[in-house]
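In what follows, a structure is listed as structure tokens, so that the remarks can point back to it.
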Amino acid sequence: MAMAKLAIYSNNNTIFLREIMPLLLPYTYSSHHALSFQAPMAPLFSVIVLFIIIICDSPLAHSRTTPHHIPKTTFLDVTASIQKTLQVLDFNHHKQQEQLSSTPSSKLSLQLHSRASLQKPTHRDYKSLTLSRLERDSARVTTLLTRSQSFSVSELEGPIVSGTSQGSGEYFSRVGIGEPPNPVYMVLDTGSDISWVQCSPCSGCYRQSDPIFDPNSSSSFHPLSCDSTHCQLLDESQCLNGNCLYEVSYGDGSYTVGEFVTETISIGQSSVTNIAIGCGHNNQGLFIGAAGLLGLGGGTLSFPAQLNSTSFSYCLVDRDSDKVSTLEFDTPFPRNAVTAPLRRNSEFETFYYVGLQGIGVGGELLPIPESLFAADPAGGIGGVIIDSGTAVTRLRREVYEWLRRAFLSGTQGLAMARGVSLFDTCYDMSSMGSVEVPTVSFHFEGGMVLTLDANSYLIPVDSVGTFCFAFAPTNSPLSIIGNVQQQGTRVSFDLANSLVGFSANSC
């Protein structure tokens, strides 16, 4: 027997039913929003309608809800988190003369080491390390916001290691430069296109963990001419004796200047020739430890673009861990990934915009206007980008206030603590072994929901039990999903199909 659809509408506490199984449940429907049921079904439907009215009059009915089942709460292991703050300052540091190698698998791989295992941090305690991280992160965000407002192969796999033990807040990969390969650590940066490495002779170079790259030691080093296509694509370039010079300046005052060249880049046992990179002879800024930067942005000079990659992914290890993970190119998109549309902005082609349309707390979607997550169609300003170099997620101030109020409402039983640096919502958990807290979730266009791990939004800022809510407001219309909220999750960029995927616990 055929059935018609059941449609329920709520308006001023009145329920309207339409097309409701007419063959089984005879009724007459009035255009004046009245329901009259034929006996003997009227008493039963009176009860049903009354029940629906009660449900629709509840506060839950007036929030933006989702069909996905999202847990209301989750647990934070306070003891384990505090223990990590003590360990990160006391890793068994030993610099290894690592050679590029591959593991016996179908994927090409590099050995993975934490930056924390290479050089002991100079911070006296975990709180000073935290403050250093946040200071560097603020400089990083200044760089992105300045740039965002300044304009109206075969499978490859490499290592990713945490560099936060040096206070950097970034992640690093082991890459071979030149022929034969000179292994160095480079910052992974989805917010930059130009890859570069410090080169000798140096007129100004910062301290790095590995020896500075000597172009004379490489047989594949070739300067680019000023009229080359790669040189023409640079935002800032000059000529010297017919050779192309590059300059990249960052909003925090950091910069790199030198020759623009092509070189061989080795990832595992695979080598890619004629990759355009900067050979920096004058470099300054917050890149301490790394030899340079591997640009993973969306522009034409980025490393993925020069590889002609259709996809790449990374998994960021715990910032307080010496564990390792991978950066992979042209590997299959994970089947279990939470996916979202990958948006591109013609005004800012470097950035990867994600189709975020809401944030949930405690299993409920907050009533935040979706327009606050969208870029302005006219000027391209605003929107939400995902960035590997930013640590703490920044949200438009209006969005952050919605999120903060909801989280505070769900943590009224926890003792508050004073704010720390850019964190204004902190808790004293010194007497707790574990604590139950509201879940926080990202809701993407298309209906997918990513529920964050508690460790990615309640983080320790010292070793005595102070934890802070790891989001921060920005006065910019641009929001940034940072790497603290990405840690422990494989983030995949399907460039061919314009999708970004999040796979929890896939490092």
Side-chain angles (χ1 to χ4, degrees), residues 136 139-151 163 166 168 170 172-173 175 177-178 182 184-218 220-265 274-297 299-303 305-306 348-350 389:
R136 289 174 64 86
R140 163 69 179 187
V141 171
T142 297
T143 294
L144 292 183
L145 297 184
T146 299
R147 290 165 58 196
S148 71
Q149 297 169 7
S150 61
F151 306 94
Q166 293 189 357
S168 66
E170 298 115 4
F172 301 79
S173 184
V175 176
I177 306 294
N182 184 342
V184 294
Y185 282 103
M186 299 181 74
V187 177
L188 299 182
D189 190 2
T190 58
S192 298
D193 290 329
I194 306 300
S195 299
W196 57 269
V197 64
Q198 292 199 116
C199 290
S200 63
C202 276
S203 61
C205 286
Y206 57 83
R207 178 175 54 86
Q208 66 179 57
S209 299
D210 298 291
I212 291 177
F213 175 65
D214 182 2
N216 292 324
S217 68
S218 172
S220 56
F221 181 91
H222 296 292
L224 284 164
S225 65
C226 294
D227 58 358
S228 65
T229 301
H230 287 122
C231 190
Q232 298 298 317
L233 290 172
L234 288 170
D235 290 331
E236 299 287 340
S237 65
Q238 294 183 9
C239 276
L240 180 64
N241 299 325
N243 290 336
C244 182
L245 302 181
Y246 81 98
E247 176 180 358
V248 178
S249 300
Y250 302 90
D252 57 10
S254 303
Y255 60 82
T256 175
V257 179
E259 303 168 82
F260 205 45
V261 305
T262 58
E263 254 296 11
T264 296
I265 305 296
N274 298 319
I275 298 296
I277 66 171
C279 182
H281 298 289
N282 188 5
N283 318 287
Q284 179 175 313
L286 301 174
F287 307 104
I288 296 175
L293 182 145
L294 191 65
L296 300 177
T300 53
L301 287 175
S302 73
F303 190 60
Q306 294 193 63
F348 314 107
E349 65 174 9
T350 298

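- Shown are I277, L293, V261, L294; of these, the side chain to side chain contact (heavy atoms under 4.5 Å, CB included) with W196 is made only by L293.
- The backbone N or O of Y185 lies less than 3.5 Å from a partner atom in the side chain of D210, making a donor-acceptor pair.
- S228 has its side chain out of reach of F260: every pair of non-hydrogen atoms, C-beta onward, lies at least 4.5 Å apart.
- Around the CD atom of Q238, the shell of radius 6.0 Å holds no more than 12 heavy atoms that belong to other residues, nucleotides or ligands.
- Atoms OG1 and CG, from T264 and N182 in turn, are 12.5 Å apart once rounded to the nearest 0.5 Å.
- In terms of heavy-atom proximity, G178 sits nearest to S218 at CA-OG, 3.3 Å.
- Residues I177 and M186 meet the side-chain proximity criterion, which asks for heavy atoms closer than 4.5 Å.
- When all heavy atoms of G292 and Y206 are compared, the pair lying nearest together is N-OH, 3.8 Å.
- Judged by distance alone, with hydrogens and angles left aside, the side-chain atoms of Q232 form a donor-acceptor pair with the main-chain N or O of C226 at under 3.5 Å.
- Here the straight-line distance linking atom OG1 of T256 with atom NE2 of H281 works out to 9.5 Å at 0.5 Å rounding.
- Of the inter-residue distances, the one linking E259 atom CD with L240 atom CG reads 8.5 Å to the nearest 0.5 angstrom.
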Please lay out, stage by stage, how C239 and C244 fare under the test disulfide bond (SG atoms under 2.5 Å apart). CA-CA 5 Å; C239 276; C244 182; over 6 Å; no
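- Of the possible donor and acceptor atoms, one in the side chain of S195 sits under 3.5 Å from a partner among the backbone N and O of G295.
- The heavy-atom pair separating V257 from E247 by the smallest distance is CG2-CG, 3.7 Å.
- Side-chain contact check for F172 versus V187: some heavy-atom pair is nearer than 4.5 Å.
- Two residues are said to be in side-chain contact when any heavy atoms from C-beta on lie closer than 4.5 Å; I212 and C205 meet this criterion.
- A donor-acceptor pair under 3.5 Å is formed between the side chain of D214 and the backbone N or O of N216.
- To the nearest 0.5 angstrom, C231 atom SG is 8.0 Å from L245 atom CG.
- The closest side-chain heavy-atom distance from L234 to I194 is below 4.5 Å.
- Between S302 and D193, the side chains place no donor N or O within less than 3.5 Å of an acceptor N or O (distance only, hydrogens not considered).
- A donor-acceptor pair under 3.5 Å links the side-chain atoms of Q306 to the main chain of A276, judged by distance alone.
- Proximity of R140 to D189: side-chain heavy atoms (C-beta onward) are separated by under 4.5 Å at one or more points.
- From F221, atom CZ reaches atom SG of C199 across 6.0 Å, with rounding to the nearest 0.5 Å.
- Two residues are said to be in side-chain contact when any heavy atoms from C-beta on lie closer than 4.5 Å; E236 and S249 fail this criterion.
- The line from CG of N282 to CD of Q198 is 9.5 Å long, rounded to the nearest 0.5 Å.
- Scanning both residues, Q208 and A290, for their nearest heavy atoms gives CB-O, 3.5 Å.
- You'll find the side chain of T262 reaches within 4.5 Å of the side chain of L224, heavy atoms only.
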